[in-house]
Amino acid sequence: MIDIQNLKKHFSDTRENLIKRGFELDEKFWLKAEKKRKKVQVETEQLQEEQNKLAREIGKLQKDKKDISKVKAQASKNSGDLKLKKNELDQIQLELNRFLLTIPNLLNKKVPLGSSEADNKVIKKNGSIRNFSFEIKDHQELGLLSDGMDFEAASKIAKSRFVVFKDSLALLNRALINFMLDIHTREHGYKEIYVPLIVNSESLTGTGQLPKFEEDQFKIDDEEQDLYLIPTAEVPVTNYHRNEILESNKLPISYVCHTPCFRSEAGSYGLDTKGIIRQHQFEKVELVRFTDPEDSDEQLEILTSHAENILSLLKLPFRKVILCSKDIGFSSNLTYDLEVWLPSQNKYREISSCSNFRDFQSRRMKIRIKKNKKNVLCHTLNGSGLAIGRTMAAILENYQNEDGTVSIPDVLKPYMNNKKLL
RNA sequence: GGAGAGGUGGCUGAGUGGUUGAAAGCGCUCCCCUGCUAAGGGAGUAUGUGGUAAUCCUGCAUCGAGGGUUCGAAUCCCUCCCUCUCCGCCA
């Protein structure tokens with residue numbers, strides 16, 4: 001949620017900023033609703049004050065055995081007025097809240113103006129793209145060839161956009177998870193955390209998936225439950241500190257968490273139908289940081305470098321881009337995507353998304369820190385470090401040999417029973 | 001799932017309808033005293049939000065959550081959530 005005080009003071013700046021995303025702030029509604037809120041809230045609180053006074057007076061009169069009927073009549077009438085006013089206030093606050101919850105985060109100055117993915121700004125390239133002397137296969141062919149992937153079985157068990165991994169690929173899946181967790185905990189200083197894979201709507205609202213992106217979620221089909229499968233570990237991990245005041249001397253707090261992620265992929269028909277690039281269920285190792293507001297710019301660089309390090313260690317060619325104003329996520333102020341080279345597609349594909357949300361999520365979640373005896377909202381950041389399925393696809397394709405076998409990256413060998421080939 | 005107990009401020013813990021936002025203790029902060037990392041004395045110490053540009057001033061809300069009764073609810077009623085104990089079931 002953006003800062004209401006800031007919205008009040010700098011409405012047109014805010015509107016201009018959001019217009020870059022293609023989001024139009026409804027000025028008419030805002031002015032009208034905010035004006036009404038102020039009026040009704042003041043009136044309500046005045047009535048409440050009056051009510052409190054009358055109630056206290058009755059208490060005193062009763063103690064002194066005096067007549068209370070006159071005051072009581074007045075209090076009864078006032079009580080009725082108050083109730084009506086309160087209802088009115090609740091209504092307007094509900095509307096305002098809904099309005100505020102659907103406003104995306106302000107964009108950082110670094111975010112390039114753009115209309116699609118094509119306008120993302122490349123700021124770094126790493127590793128060299130391999131020249132193949134033979135006809136290459138895509139990761140799905142390689143997976144099927146080694147009998148390590150089974151899409152038909154997966155769709156029988158569940159539906160399309162699921163996969164079954166077997167043998168060496170099941171092992172590779174596990175190896176990648178362990179490798180990443182080890183690097184982040186041992187070398188990057190993250191604390192490993194294990195969390196529920198099912199969350200309530202409050203948690204999803206906290207990180208920004210709700211109320212706007214309900215259709216992207218896998219909801220538990222039970223009217224009484226209000227539960228969803230997590231789309232990313234970001235949701236449970238960031239909400240871990242919801243409604244808390246963190247000790248500032250413990251910042252930054254950083255967590256690494258491996259979870260499966262579930263996405264409905266509504267509206268992605270026809271996109272990436274082949275292979276394991278876009279699935280309803282995939283594994284991810286997620287990095288989450290809670291920081292002092294003054295440090296978050298630097299912390300995003302640090303967090304992103306940790307994700308980059310995994311790609312470097314795996315010797316996978318990648319590039320780093322700044323997401324443009326139309327491609328960046330709802331809650332994010334600034335996002336770096338890391339894109340890995342996929343030879344079969346002859347292009348770079350997203351494998352990690354590292355974002356600084358500044359106080360957008362912490363305001364929704366009320367995560368604060370004590371600073372100079374005052375409570376201020378902390379900043380939250382997260383990034384994939386990395387998406388496992390896409391890493392697997394990248395390894396298969398980039399490390400493939402002419403005979404259809406795949407070499408194993410050196411750093412993974414200890415995790416793969418020291419095998420050399422898949 | 002069944003039976004019972006309970007959820008109060010950073011912590012412990014009073015409080016069963018009327019200045020209780022909340023006793024007391026601990027902890028913490030500041031000050032005083034004291035020649036010595038002790039003891040004592042005093043003051044302060046929740047969060048959110050509104051009126052405000054505002055640290056001052058002041059209103060309102062918050063005793064697990066949401067409703068209800070009442071002039072008035074931490075206290076009474078209802079629903080839900082959570083914790084603990086016993087039983088059942090189970091990885």
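Computed over heavy atoms, backbone and side chain alike; hydrogens, waters and symmetry mates excluded. All chains are named by letter (A, B, ...) in the order of the sequence lines, taking the proteins before the strands, and each is independently numbered beginning at 1.
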Enquirer: Could you identify the nucleotide paired to B:U79, looking across every strand shown and requiring Watson-Crick or G-U wobble geometry with both distances under 3.5 Å?
Expert: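 Across any shown strand, B:U79 pairs with B:A65.
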Enquirer: Over how many whole Å does the gap from A:K366 atom NZ to B:U49 atom P extend?
Expert: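 After rounding, the gap between these two atoms is 8 Å.
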Enquirer: Choosing from B:G48, B:G18, B:G59, which nucleotide comes nearest the side chain of A:E49?
Expert: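 Minimum distance to the A:E49 side chain belongs to B:G59.
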Enquirer: Would you kindly say whether A:H258 and A:E283 are connected by a side-chain donor-acceptor distance under 3.5 Å?
Expert: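 Yes, because at least one side-chain N or O of A:H258 sits under 3.5 Å from a partner of the opposite role on A:E283.
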Enquirer: Taking B:A22 as the reference, what is the distance to B:G17 when you measure between their C1' atoms (whole Å, please)?
Expert: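 Here B:G17 and B:A22 have their C1' atoms 15 Å from each other.
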Enquirer: Considering only B:U47, B:G59, B:A61, which nucleotide approaches the side chain of A:E45 most closely?
Expert: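 Minimum distance to the A:E45 side chain belongs to B:G59.
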Enquirer: State the pairing partner of B:G59; accept Watson-Crick or G-U wobble contacts with both distances under 3.5 Å, and report none otherwise.
Expert: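 B:G59 is paired with B:U49.
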Enquirer: Whole-Å distance between B:A46 P and A:N243 CG?
Expert: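 In whole Å, B:A46 P and A:N243 CG are 19 Å from each other.
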Enquirer: Within the pair A:K9 and B:U52, is there a side-chain N or O less than 4.0 Å away from OP1 or OP2?
Expert: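 It does not, given that no N or O in the side chain of A:K9 lies less than 4.0 Å from OP1 or OP2 of B:U52.
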Enquirer: Write down the distance between NZ (A:K85) and C1' (B:G59), rounded to a whole number of angstrom.
Expert: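 Atom NZ in A:K85 sits about 17 Å away from atom C1' in B:G59.
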Enquirer: Considering Watson-Crick and G-U wobble pairs with both distances under 3.5 Å, what does B:C30 pair with?
Expert: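 Across all strands, the one nucleotide that pairs with B:C30 is B:G42.
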Enquirer: Using a cut-off of 4.0 Å on non-hydrogen atoms, how would the nucleic acid contact of A:Q5 be classed: base, sugar-phosphate, or nothing?
Expert: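 A:Q5: backbone/sugar contact only, no base atoms under 4.0 Å.
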Enquirer: For atom P, what is the distance between B:U29 and B:G21, given to the nearest Å?
Expert: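 Here B:U29 and B:G21 have their P atoms 29 Å from each other.
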Enquirer: Checking side-chain hydrogen bond (donor to acceptor under 3.5 Å, both in side chains) against A:S296, which of A:N333, A:T291, A:N356 comes through?
Expert: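 Option passing the side-chain hydrogen bond (donor to acceptor under 3.5 Å, both in side chains) with A:S296: A:N356.
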Enquirer: Whole angstroms only, please: what is the NZ-C1' distance between A:K38 and B:G59?
Expert: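 My rounded result for the distance is 15 Å.
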Enquirer: May I ask you to say what A:L54 touches in the nucleic acid, namely base, sugar-phosphate or nothing, with a heavy-atom cut-off under 4.0 Å?
Expert: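 No contact.
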Enquirer: Atom CG of residue position A:D221 - does it have more than 12 heavy atoms of other residues, nucleotides or ligands inside 6.0 Å?
Expert: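 Atom CG in A:D221 is not packed in, count stays at 12 or less.
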Enquirer: Taking the six-membered ring of A:Y255, is NZ or CZ of A:K191 closer than 6.0 Å to its centre and within 45° of its axis?
Expert: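 The answer is no, since A:K191 fails at least one limit relative to A:Y255.
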Enquirer: Given the P atoms of B:G6 and B:U58, what is the spacing between them in whole Å?
Expert: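 Per the computed distance, 40 Å lies between those P atoms.
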Enquirer: Is B:G72 paired to anything, Watson-Crick or G-U wobble with both distances less than 3.5 Å, and if yes, which nucleotide?
Expert: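 Its partner: none found.
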Enquirer: Using only side-chain N and O atoms of A:K60, determine if any of them is under 4.0 Å from OP1 or OP2 of B:C71.
Expert: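 A:K60 to B:C71 OP1/OP2: no side-chain N or O under 4.0 Å.
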Enquirer: Hunt down the Watson-Crick or G-U wobble partner of B:G21, both distances under 3.5 Å, from any strand shown, or write none.
Expert: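 For B:G21, the partner nucleotide comes out as none, under the 3.5 Å rule.
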Enquirer: Return the orientation label for the A:H306 and A:H188 ring planes: parallel under 30°, perpendicular over 60°, tilted otherwise.
Expert: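 Plane angle under 30°, so parallel.
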Enquirer: Going by purine N1 to pyrimidine N3 plus the second Watson-Crick contact, or the G-U wobble pair, all under 3.5 Å, which nucleotide sits opposite B:G4?
Expert: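 Check on B:G4: paired to B:C84, both distances under 3.5 Å.
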Enquirer: Are OP1 or OP2 of B:G51 and a side-chain N or O of A:R37 less than 4.0 angstrom apart?
Expert: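 Yes, because at least one side-chain N or O of A:R37 sits under 4.0 Å from OP1 or OP2 of B:G51.
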Enquirer: Check A:K326 with A:D119, please: is the shortest side-chain N to carboxylate O separation under 4.0 Å?
Expert: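 No.
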Enquirer: For B:G72, take OP1 and OP2 only and decide whether either is under 4.0 Å from a side-chain N or O of A:N52.
Expert: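 Looking at the OP1 and OP2 atoms of B:G72, neither is under 4.0 Å from any side-chain N or O of A:N52.
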Enquirer: Which parts of residues 68-80 of chain A get close to RNA chain B, meaning a heavy atom less than 4.0 angstrom away?
Expert: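 Residues of residues 68-80 of chain A that come under 4.0 Å of RNA chain B are, in numerical order, A:K72, A:A75, A:S76, A:S79.
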Enquirer: Given atom NZ of A:K35 and atom C1' of B:G51, what is their separation to the nearest angstrom?
Expert: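 The distance from NZ of A:K35 to C1' of B:G51 comes to 17 Å, rounded to the nearest Å.
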Enquirer: Can you tell me if the side-chain N/O atoms of A:R56 get under 4.0 Å from OP1 or OP2 in B:C71?
Expert: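 No, no such contact exists.
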Enquirer: So which one's nearest nucleotide on RNA chain B is more toward 5', A:A55 or A:Q51?
Expert: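 Its nearest nucleotide lies further toward 5', so the answer is A:A55.
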Enquirer: Which nucleotide, if any, forms a Watson-Crick or G-U wobble pair with B:C36, using both distances under 3.5 Å?
Expert: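 The base-pairing partner of B:C36, which may sit in any strand shown, does not exist here.
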Enquirer: Considering only the P atoms, how many Å lie between B:C89 and B:A74, rounded to the nearest integer?
Expert: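 Going atom to atom, P in each nucleotide, I get 44 Å.
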Enquirer: To the nearest Å, give me how far apart NZ (A:K36) and C1' (B:G51) are.
Expert: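 The distance from NZ of A:K36 to C1' of B:G51 comes to 20 Å, rounded to the nearest Å.
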Enquirer: Decide, yes or no, whether a salt bridge links A:E43 with A:K39 under the criterion of side-chain N to carboxylate O below 4.0 Å.
Expert: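 Counted as a salt bridge, because a side-chain N and a carboxylate O are separated by less than 4.0 Å.
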Enquirer: What is the distance from CE of A:M365 to P of B:G48, rounded to the nearest Å?
Expert: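 It is 16 Å, rounded to the nearest whole Å.
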Enquirer: Just checking, is any N or O donor in the side chain of A:R242 or A:S203 under 3.5 Å from an acceptor N or O on the other one?
Expert: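 Yes, A:S203 and A:R242 have a side-chain donor paired with an acceptor closer than 3.5 Å.
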Enquirer: Roughly how many Å apart are B:A24 and B:G42, using the P atom of each and rounding to a whole number?
Expert: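 Pairwise P distance, B:G42 against B:A24, rounds to 13 Å.
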Enquirer: Say you pick atom C1' in B:C11 and the same atom in B:U85; how far apart are they, in whole Å?
Expert: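 To the nearest whole Å, 24 Å.
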Enquirer: Counting only Watson-Crick or G-U wobble pairs whose two distances fall under 3.5 Å, which nucleotide matches B:C89?
Expert: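 Partner of B:C89: none.
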Enquirer: Can you tell me, in whole Å, how much space there is between the P of B:G15 and that of B:G64?
Expert: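 It comes out at 15 Å once rounded to the nearest Å.
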Enquirer: Looking just at side-chain N and O atoms, do A:T380 and A:Q361 make a donor-acceptor pair shorter than 3.5 Å?
Expert: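 Distance-only check passes for A:T380 and A:Q361.
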Enquirer: For RNA chain B, whose closest nucleotide is more 5', that of A:N375 or that of A:D90?
Expert: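 With A:N375 and A:D90 compared, the 5'-side residue is A:N375.
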Enquirer: If we take the C1' atom in both B:G13 and B:G27, what is their distance in whole Å?
Expert: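 14 Å, rounded to whole Å.
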Enquirer: It should be established whether A:Q41 places a side-chain nitrogen or oxygen under 4.0 Å from OP1 or OP2 of nucleotide B:G51.
Expert: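 Result: no.
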Enquirer: Check every atom of B:G51, B:G48, B:C60 against the side chain of A:R368 and return the nucleotide holding the closest atom.
Expert: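 Side chain of A:R368 sits closest to B:G48.
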Enquirer: Between P on B:G64 and CD on A:E202, what's the gap in Å once rounded to a whole number?
Expert: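 Between P of B:G64 and CD of A:E202: 16 Å.
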Enquirer: Under a 4.5 Å cut-off applied to non-hydrogen side-chain atoms, are A:K315 and A:Y399 in contact?
Expert: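 A:K315 reaches A:Y399 side chain to side chain.
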